[in-house]
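Presented below is the structure to which this report refers.
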Amino acid sequence: MRDSRLDLIELRDVVPAPLADERTSGEVWRTELTLHRGTFYRIDAASGAGKSSLCAFLMGTRVDYKGHILYNNKDISAFGVREWCRLRERHLAYLPQELGLFDSLTAMQNVLLKNALTDYHSEAEIRTMFGQLGIDTRADRLVGTLSVGQKQRVALIRSLCQPFDFLILDEPVSHLDAESNLRCAEMVTAEARGREAGVITTSVGNPLSLADVEILKL
Amino acid sequence: MIWRLLRRNVSVAQLAAYALAAFVGLAVILTGVQFYSDALAATGGKSPASLPEGRLIVSKRVGLSATLRGEAPSFTPGDIESLEAQPWCRGVAEFTASDFGVHASVELGGRVLQTALFFESLPDSLMSAEVRGSGEWEFHPESPFVPVVLPRDYLALYNFGFAASGKMPPLSEGMISSVPLAVTLTGNGLRETLPARIVGFSDGLNTIAVPQAFMSWASGRYGRGDSVSAPSRLIVTVEDPGSPAVTRYMESRGYEIAAPAADDGAGRVVRTLAGVVTGVGGTVMILAVVILVLSLFLLVQKSRSAISGLLLLGYTPGAISRGLVLMSVGVTLGATAAAFAGMLAARSMWVGTLEAESLVSSFPVAGFVAASVLLAAVCLLDAAVIYIKVRGCFRS
């Protein structure tokens, strides 16, 4: 997969280990599911149905599932730390539900820390993105002092500061109003289309307002 | 920026404790190693000149009857055959004693010292490789020069007994090896003086040894011709000198084994001392490294969420470890440099007189090598520990 793009994500009879003994209905667990680069997906779920688990499996941070997940026909359970680091740097962008921001750094520093890996955007471009999401005045504040909604937008900008084939957004706008949601969706759409990338976003009720999205029930 | 995230959890107190312990441990180790090296250089630094492992010198016990008969107890051909027949015996070689007169003289500080002597020879193959390889363990009648191997004990006897009580200068092995000797051989109405030199020192080979070639030549010229006399001492090559079968046989026949001393007395004391010092230093150093490793464990543990976050962004364990590795290497380097300085200070207390006699080099090579090796080892260990722990944060 070196340097070639990640075109296909396949889930074959996957179910999280904690749910292995429970009945599952829906279009993700215990099914054959193929996700294509370039397509936008929205996974709707009740809380506790395992959508954050799915994101963690796709990012390689958790392996407690049954079944097989394949990237470009390769089983990801065989990937080592080096392979995952490369995927996270260049192929998979991720906004975790818990955001994963560093409170001791400013919002800008948090974004630059990610951007430094691939130098994807200039600092000026990043400041413009802060402006587009209405948090330009917060850019140089410590993340620890920001509200959850502001942090979500910082983390969203950070996830866009890299090349990617799939953008995985775990409840990216749960604390945002409709107006901010729309601006985020516009930015995500533009950035993903620019990279011919796929988007996988989850929601428990306040989804990112993407157009042309394929909805899967978990 | 990675370093900014991780350094918040760095405990200055723990690092300082490590630095102090590493400094003390390293300083003691380096001092011990350098002291050992200097002492070795000053006492000649040569390994024993003879008798490799597995060889025993066997003689018959000198009893009253032998004293009355006036002859040393010697081995009969039957004795030798019986020895050779033993299953553990690999070979028997004889000492050949000189049966001609030997006088040696040496000029020391304007005074000529003279003494009656005796020589013995043993097969050249039994001399240590060092002596044989030196190219000096040879004798050519056309240009006679007699190489001599002296027991190290004789020198100790002179230095610690004779020289101390008789206001004579003490001699180092190196010094005495460079003094030319004159050996006067007498017999059959002939008298000849040959140049000689001490080319090595032996431990456990309790005789004044000369090459076999010289002995044959001198016996033919000056000997009474009865040198076929039975040997009084044998060198027995055995499989395992410590084996009970050997001891039992020797005891049953009334033979004595001159145990080849593993070491000379003074050297043993120095080596033991240096060993103890180095051992203590090593213990302190191990404790220091344990402190460091534990504090690195703790540091990585406290930084676990930050490290996981960085890994999730795509930073590799190597990139994340870099700052921590540099920090611990820096602290170790500082402690090592300080310990090296400490060793130099300690060395100045003993090196003065040795250096004046140019017995040791002015640069502490052994200490430097030890410092470099320890530094490299600790740094590699640090780096490995940090990398493995950071990599361990990949999955929760």
Side-chain angles (χ1 to χ4, degrees), chain A residues 52-53 55-65 76-77 79-120 142-144 155 158-164 168 170, chain B residues 1-15 293 295-330 379-396:
Chain A
S52 290
S53 300
C55 295
F57 300 156
L58 293 178
M59 290 304 295
T61 54
R62 277 173 55 187
V63 290
D64 54 331
Y65 61 87
I76 64 168
S77 62
F79 292 174
V81 172
R82 189 178 299 267
E83 187 75 12
W84 278 115
C85 286
R86 208 179 52 79
L87 280 168
R88 292 167 182 183
E89 185 186 284
R90 307 197 161 264
H91 300 280
L92 293 171
Y94 182 38
L95 166 55
Q97 189 180 12
E98 61 278 15
L99 306 178
L101 295 168
F102 301 108
D103 285 351
S104 58
L105 300 179
T106 67
M108 194 61 181
Q109 285 169 340
N110 265 283
V111 176
L112 289 175
L113 185 62
K114 172 79 216 188
N115 197 59
L117 276 170
T118 51
D119 235 350
Y120 197 84
L142 288 180
V143 159
R158 181 177 69 173
S159 70
L160 298 173
C161 288
Q162 70 168 94
F164 59 78
I168 300 170
D170 193 3
Chain B
M1 204 130 37
I2 295 175
W3 179 234
R4 270 182 67 164
L5 286 172
L6 300 182
R7 79 170 170 207
R8 294 186 311 129
N9 291 323
V10 171
S11 159
V12 177
Q14 282 169 8
L15 270 185
V293 168
S295 91
L296 288 173
F297 276 16
L298 195 65
L299 177 56
V300 172
Q301 203 59 43
K302 282 198 288 186
S303 310
R304 201 180 172 88
S305 71
I307 293 172
S308 301
L310 288 166
L311 285 167
L312 198 53
L313 292 183
Y315 280 92
T316 59
I320 298 168
S321 307
R322 200 166 297 139
L324 295 175
V325 171
L326 283 176
M327 175 193 75
S328 54
V329 166
C379 288
L380 280 178
L381 180 73
D382 289 355
V385 164
I386 293 169
Y387 183 81
I388 290 168
K389 292 302 278 184
V390 166
R391 206 172 185 279
C393 296
F394 183 74
R395 292 217 167 95
S396 38

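In what follows, every chain begins at residue 1, and chains take the letters A, B, ... in the order their sequences are listed.
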Distance from L312(B) atom CG to L92(A) atom CG, nearest 0.5 Å? 10.0 Å
Nearest heavy atoms of R8(B) and S104(A), plus distance in Å: NE-OG, 3.8 Å
To the closest 0.5 Å, what do you measure between CG (L313(B)) and CZ (R158(A))? 4.5 Å
Give, as side chain, backbone, both or neither, the part of L113(A) having an atom under 4.5 angstrom from any heavy atom of chain B. both
Under the side chain to side chain contact (heavy atoms under 4.5 Å, CB included) test, residues paired with P317(B) that sit two or more places apart: V81(A), C85(A), L311(B), Y387(B), V390(B), R391(B)
